[in-house]
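What follows is one structure encoded as structure tokens, with my remarks underneath.
Here, residue 1 is the first one in the sequence, and each next residue gets the next number.
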Amino acid sequence: MSENVTIPTYGTVELTLGVLINKLNRDSLDIFTKRVRRYLKYNLKAMSIDVLEVNTFLIFTCSFPLEEVENDEQRKTVVNQVEKIIQDYCKKECGLYAKQIRKNVEIRDITKMIVQLVKSSTSEKDKSLLEDIVEIAADIDNRVIYHVSDVLLNSFIVIWDFPRDYPDIIMFPDLILKREVSDKKQNIPLRLIAENLLIMQFGKACSNNLKPILKSIEEAILILENLLQDSKKIKKLGENMSNKLWRTLRVVFGLLSSTQQVISVQLKQIKRIAQVRNDLVEEVKKLDYTPLLDYLMLLDSIIQCSDHIERLNNLQTQVKQNYQTLLNIINHFKDVPEREVEDVKDVSLIFIKTLAEIQLMKFFSDKFRDLAYFQTIPTEVSLEKVEKIHVDSDIILKGVALFKTYRLVGSTVYALRGIDVELKKGEMAALVGPSGSGKTTLLNLLSGLDTPNRGAVFLLGRNIDTMTDAEVSMFRRRNMGFIFQYYNLIPQLTVLENVMLPALMINRPKKEARAKAIELIKEVDLERFQNQFPIKLSGGQMQRVTIARAMINDPAVLFADEPTGDLDSETGQVVIDLIRRFAKEKNTAVILVTHDLEVAKVCDRIIQMGDGRVVSA
């Protein structure tokens with residue numbers, strides 16, 4: 001065959017690009033997103049580009065003609081261009097972050113306090129000590145930016161899903177892995193594990209930077225500990241105590257207090273990375289992708305999660321001990337006079353180094369703290385379009401990969417992090433967990449009162465998210481019943497009118513609604529109160545009215561949010577027995593939120609929640 005002959009190629013390539021971002025700075029993020037989209041569209045002739053912002057990651061997916069990236073050089077060019085855009089974004093982000101650190105009042109004020117302490121010393125007039133203190137404090141931002149920049153620059157992946165007759169490719173900043181054609185028997189696209197791969201790449205970059213940060217803070221805390229455990233030095237400190245020195249000790253005490261929270265966040269983050277690594281190993285085994293599996297095994301020794309966890313736990317113990325020791329010293333030297341002190345060179349250097357190392361770890365941890373709460377959609381969910389997910393005929397209610405995030409000023413609340421739940425006809429399930437675990441949020445999503453950021457809710461086989469607001473409202477009135485802790489009865493309506501109301505709202509004839517309401521009021525043993533107003537009823541009676549009202553339209557599912565929370569145990573048991581009886585008689589599914597384990601035990605199933613996830617079901 002002549003060298004000038006070109007073999008025509010067919011098919012498309014799917015590209016997945018994952019990048020770590022700073023979601024708080026929307027302007028630079030929007031510019032970055034537009035630049036990447038522009039490059040993919042005009043340089044690669046991408047036919048479709050989707051951008052998904054997931055926690056602190058941005059994931060681009062697109063498809064384009066195979067001939068655009070058929071050889072290694074073409075692919076390298078694409079990655080180099082994207083990396084250049086990432087570098088520009090990172091440079092801008094780090095510049096803004098450096099300004100933010102320099103404006104940090106805590107660093108400035110503590111440094112000033114230590115400088116004043118030195119200036120109050122009778123023996124320290126040497127300018128070099130003051131210069132050292134200022135230099136150590138000033139270098140904090142440079143050290144933070146160095147580590148943050150390194151993590152940002154090394155936390156991206158590029159996945160190439162090629163047609164069946166071509167090998168697939170995963171490109172990391174420092175490694176390229178191929179999935180040969182012979183390994184593509186199942187033909188499952190690699191993009192389905194993109195989110196977990198991105199966390200692992202972050203974990204690798206984070207670990208490489210955490211090692212020196214941990215080492216330096218361990219050394220600083222050890223030096224502080226040696227000072228606090230040395231009785232001679234403490235005695236001298238007491239003899240030398242002044243108001244300025246006492247206030248500086250209090251500041252160091254405060255730093256140790258905040259450090260405990262920083263270490264806790266860092267521990268959560270490392271444990272999350274370890275969990276993702278284990279999940280990813282299981283997913284890759286299903287893909288039968290040996291090179292990637294070998295790489296994940298190797299990552300275990302690179303990231304060293306177990307080593308980091310042990311060191312962080314030890315550090316936490318040391319910090320707590322120093323915290324308590326320092327507290328005892330502070331309490332012992334109350335009401336000290338303002339006076340000049342003797343040599344404070346060693347003490348002031350220990351204080352400023354402690355400040356520097358604690359602030360370094362604090363800024364580094366805070367920058368990536370959301371990763372501790374990051375949760376991905378399972379591969380088996382991603383394999384299908386959400387709207388095509390099959391729902392068995394006996395399943396009344398099904399929630400798939402539900403995520404709910406609330407953005408606050410300067411922080412984010414991850415209320416739900418990948419919840420899967422389903423309820424069968426006539427089944428009664430209790431939703432339990434500590435306050436803040438996501439129970440009410442999940443109830444709101446399942447009932448259509450709120451919408452998930454990701455995932456879908458199916459009721460009677462229909463995806464609620466695909467309905468208009470008007471359709472959801474009518475669908476909810478017809479198929480859902482609600483029981484609330486504080487009843488939510490309309491005080492201006494009688495018991496009978498309150499029970500009738502949901503039926504009238506779906507346009508049932510008034511005569512029919514009245515007859516059904518009277519029947520239900522009789523079933524909850526309140527017929528003699530049907531013409532009374534709610535104010536005349538006890539708490540238990542009002543809750544029985546809400547049960548009758550919830551059942552007026554024969555709902556497919558009943559949502560009960562703490563139905564016994566405002567009742568005594570005996571009355572609460574009556575209410576639970578009623579709910580259970582209706583569930584069995586009407587074949588209605590019930591999902592009940594409760595803090596009462598005795599109530600939960602009455603249900604067919606207990607769903608335990610914690611930190612926005614299902615812990616057990």
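- Among all heavy-atom pairs drawn from L190 and D161, the shortest one is N-OD1, 2.8 Å.
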Using atom types as modelled, flag every donor-acceptor pair under 3.5 Å from a side chain in residues 31-40 to any protein atom, sequence neighbours excluded.
residue, atom, partner, partner atom, Å
T33, OG1, L29, O, 2.8
R35, NH1, D88, OD2, 3.0
R35, NH2, D88, OD2, 3.4

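- Between the side chains of E93 and S28, a donor-acceptor pair is found at a separation under 3.5 Å.
- Between F172 and Y295, the ring center distance clears the sub-6.0 Å criterion.
- Separation of atoms OG1 (T111) and CD1 (I133) is listed at 9.0 Å; rounding is to 0.5 Å.
- Contact of the Y323 side chain with the V252 side chain is not registered, since no non-hydrogen atoms from C-beta on lie closer than 4.5 Å.
- Between the side chains of N71 and Q74, at least one donor-acceptor pair of N or O atoms lies under 3.5 Å.
- Residues R179 and L292 have side chains not in contact (no heavy-atom distance under 4.5 Å, counting atoms from C-beta outward).
- S155 places no side-chain N or O within donor-acceptor distance of the main-chain N or O of L152, the cut-off being under 3.5 Å.
- R102 contributes atom CZ, which lies 7.0 Å from atom CG of N142 (distance to the nearest 0.5 angstrom).
- Residues Y289 and L177 have side chains in contact (heavy-atom distance under 4.5 Å, counting atoms from C-beta outward).
- Here the straight-line distance linking atom CG of N154 with atom CG of L20 works out to 10.5 Å at 0.5 Å rounding.
- Within 6.0 Å of NZ in K215 there are 12 or fewer heavy atoms belonging to other residues, nucleotides or ligands.
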For side-chain contact (heavy atoms from CB on, under 4.5 Å), just list the numbers for F363 and V148, CA-CA rounded to whole Å, side-chain angles, deciding distance to a tenth of an Å, and then say yes or no. CA-CA 9 Å; F363 278 115; V148 167; over 6 Å; no

Run L315 and I217 through side-chain contact (heavy atoms from CB on, under 4.5 Å) and show every step you take. CA-CA 9 Å; L315 183 62; I217 194 171; 3.7 Å; yes

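- Residues E106 and Q359 bring a donor and an acceptor atom of their side chains to less than 3.5 Å of each other.
- Atom CZ of residue F351 and atom CD1 of residue I223 lie 12.5 Å apart, to the nearest 0.5 angstrom.
- Side-chain N or O atoms of N104 include none that pairs as donor or acceptor with a backbone N or O of Q100 at under 3.5 Å.
- Between the side chains of Q316 and S264, a donor-acceptor pair is found at a separation under 3.5 Å.
- Contact between C305 and I270 at its shortest, heavy atoms only, is O-CG2, 3.6 Å.
- When every heavy atom of L445 is checked against every heavy atom of P452, the shortest pair comes out as CD2-N, 3.7 Å.
- Pairing each heavy atom of M113 with each of V251, the nearest pair is SD-CG2, 3.4 Å.
- With S365 contributing its side chain and K362 its backbone, the two residues share no donor-acceptor pair below 3.5 Å.
- When atom types are taken as modelled, the side chain of D141 and the backbone of I101 share no donor-acceptor pair closer than 3.5 angstrom.
- In this structure, the side-chain hydrogen bond (donor to acceptor under 3.5 Å, both in side chains) partners of S216, at least two apart in sequence or on a different chain, are E357.
- Taking 4.5 Å as the limit, some side-chain heavy atom of L296 sits within range of a side-chain heavy atom of V284.
- H147 is not listed as a side-chain neighbour of K367, based on a closest heavy-atom distance of 4.5 Å or more.
- Residues F64 and V69 are in side-chain contact: their nearest non-hydrogen atoms beyond the backbone lie under 4.5 Å apart.
- Judged by distance alone, with hydrogens and angles left aside, the side-chain atoms of N313 form a donor-acceptor pair with the main-chain N or O of I309 at under 3.5 Å.
- I302 and S207 make their closest contact through O-OG, 3.6 Å (heavy atoms, listed as atom of the first residue, atom of the second, distance).
- There is a side-chain donor-acceptor pair under 3.5 Å between Q269 and Q266.
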Give the C-alpha distance, both sets of side-chain angles, the deciding distance and a yes or no for salt bridge (Lys or Arg N to Asp or Glu O under 4.0 Å) between D174 and K204. CA-CA 11 Å; D174 57 351; K204 182 180 175 182; 2.6 Å; yes

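- Atom CD1 in I136 sits 6.0 Å away from atom CG in L349 (nearest 0.5 Å).
- Note that CD1 of I176 and CZ of R75 are 8.5 Å apart. Values are rounded to the nearest 0.5 Å.
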Given salt bridge (Lys or Arg N to Asp or Glu O under 4.0 Å), test K404 with D450 step by step and report yes or no. CA-CA 9 Å; K404 187 64 183 179; D450 200 356; 3.4 Å; yes

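- A 4.5 Å side-chain heavy-atom check between D294 and T290 finds at least one atom pair inside the cut-off.
- Of all non-hydrogen atoms in P163 and L66, the two that sit nearest each other are CD-CD1, 4.2 Å.
- For the pair D307 and R311, the minimum side-chain heavy-atom distance is below 4.5 Å.
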